[in-house]
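To find a chain, count down the sequence lines: A is the first, B the second, and so on, and within it residues start at 1. From a predicted model like this one, the values you see are computed outputs, not experimental measurements.
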Amino acid sequence: MVPLNAYLAVGAIMFSIGMFGVLNKKSGIIVLLSIELMLNAVNINLIAFSRFGFYGNITGQIFTIFTITVAAAETAVGLAILIAIFRNKGTISITDLNIMKR
Amino acid sequence: MTGEYIAFFIFALMAISGAVLMLNLDRVIHMVLSIGLSFIGVAGLFVLLKAEFLAFVQILIYAGAITIMMALGTMMTSQHKEDKKLKRKGHTIFAILGATIIGLILLNGIRTTSWPNEAANLGEDNVIEIGMAMFTKHVIPFELASLLLLVALMGAIVLAKKESDK
């Protein structure tokens, strides 16, 4: 049986990679994808605890379903916002979205 | 017992290598496809954790819908050169530093805690258990989730449609 901390380590590594992507990438689409990666890491943790936790039960999987729902809604709205920005400014590069700084 | 370890290593390698490829590839569409590999690896980990229903949901929604939608978004916004322009050196260093520190804190916490070893019994049929719990204990969050999806659908249409009638 694969122990719990192996799954948690995979989740932690994926979360760090996603966080680096959010902080460093320039394209808006890749930033959205990195957020999805972080949410996936959280899902791994929730399901691992639902099976191997101190009081393991099915609620972790229910939580994961809601997380996936919220992530899908977030992707749809985020992509719509990116398309609207592209129509108005001609780019979705994060470094060019500095209208509040000027 | 060793078969489970081999499967775990393959799926974990898929998940993490997809994520690393996403950081290192040049074109946005390749990044989107490599994150699909990562999502499929996560679905395999779900199967190993006896969450078969969620593995299917993961493949349907993440590897199917979200990856395809991001690929279409990439095509509609036509970003060919992702990282060609000037890189801010200090920004990159701070991003690496922050992500590494977060990762090390999490891994250290995982390593030093003593976790329980026995697996919980989640029932014979995963789908039945999830359905029973969702429609008895978690009805109101379920309805709220459907409301959230409706609002997100309408909001996405309103945000993305052309304003031609002005």
- [ ] Would you please say whether a donor-acceptor pair under 3.5 Å links the side chains of B/Q58 and A/N43?
- [x]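 Absent: no donor and acceptor within the cut-off.
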
Task: Donor-acceptor under 3.5 Å (B/R111 side chain, A/N5 main chain) - done: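 Such a contact is absent between B/R111 side chain and A/N5 backbone.
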
- [ ] Give the ring-plane orientation class for B/F8 versus A/Y7, where under 30° counts as parallel, over 60° as perpendicular and anything between as tilted.
- [x]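 If you compare the ring of B/F8 with that of A/Y7, the planes turn out perpendicular.
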
Where on [X] is there a heavy atom nearer than 4.5 Å to chain A: the side chain, the backbone, both, or neither?
X	result
B/I157	neither
B/I35	side chain
B/L149	side chain
B/F94	neither
B/I96	both
B/V151	neither
B/S17	neither

Engaged part of [X] at the chain B interface, taking heavy atoms whose separation is under 4.5 Å:
X	value
A/L79	side chain
A/A6	both
A/F15	side chain
A/V70	both

Open item on the list: Rounded at 0.5 Å granularity, tell me how far CZ in A/F52 sits from NZ in B/K50.
Closed with: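 The distance works out to 8.0 Å.
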
Task: Least distance between heavy atoms, B/G103 atom then A/S16 atom - done: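 The answer is CA-OG, 3.1 Å.
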
Open item on the list: Run B/L48 and A/V2 through side chain to side chain contact (heavy atoms under 4.5 Å, CB included) and show every step you take.
Closed with: CA-CA 9 Å; B/L48 288 183; A/V2 182; 5.5 Å; no

Open item on the list: Do A/I65 and B/F142 have side chains that approach each other closer than 4.5 Å (heavy atoms only, starting at C-beta)?
Closed with: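 A/I65 vs B/F142: side chains apart.
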
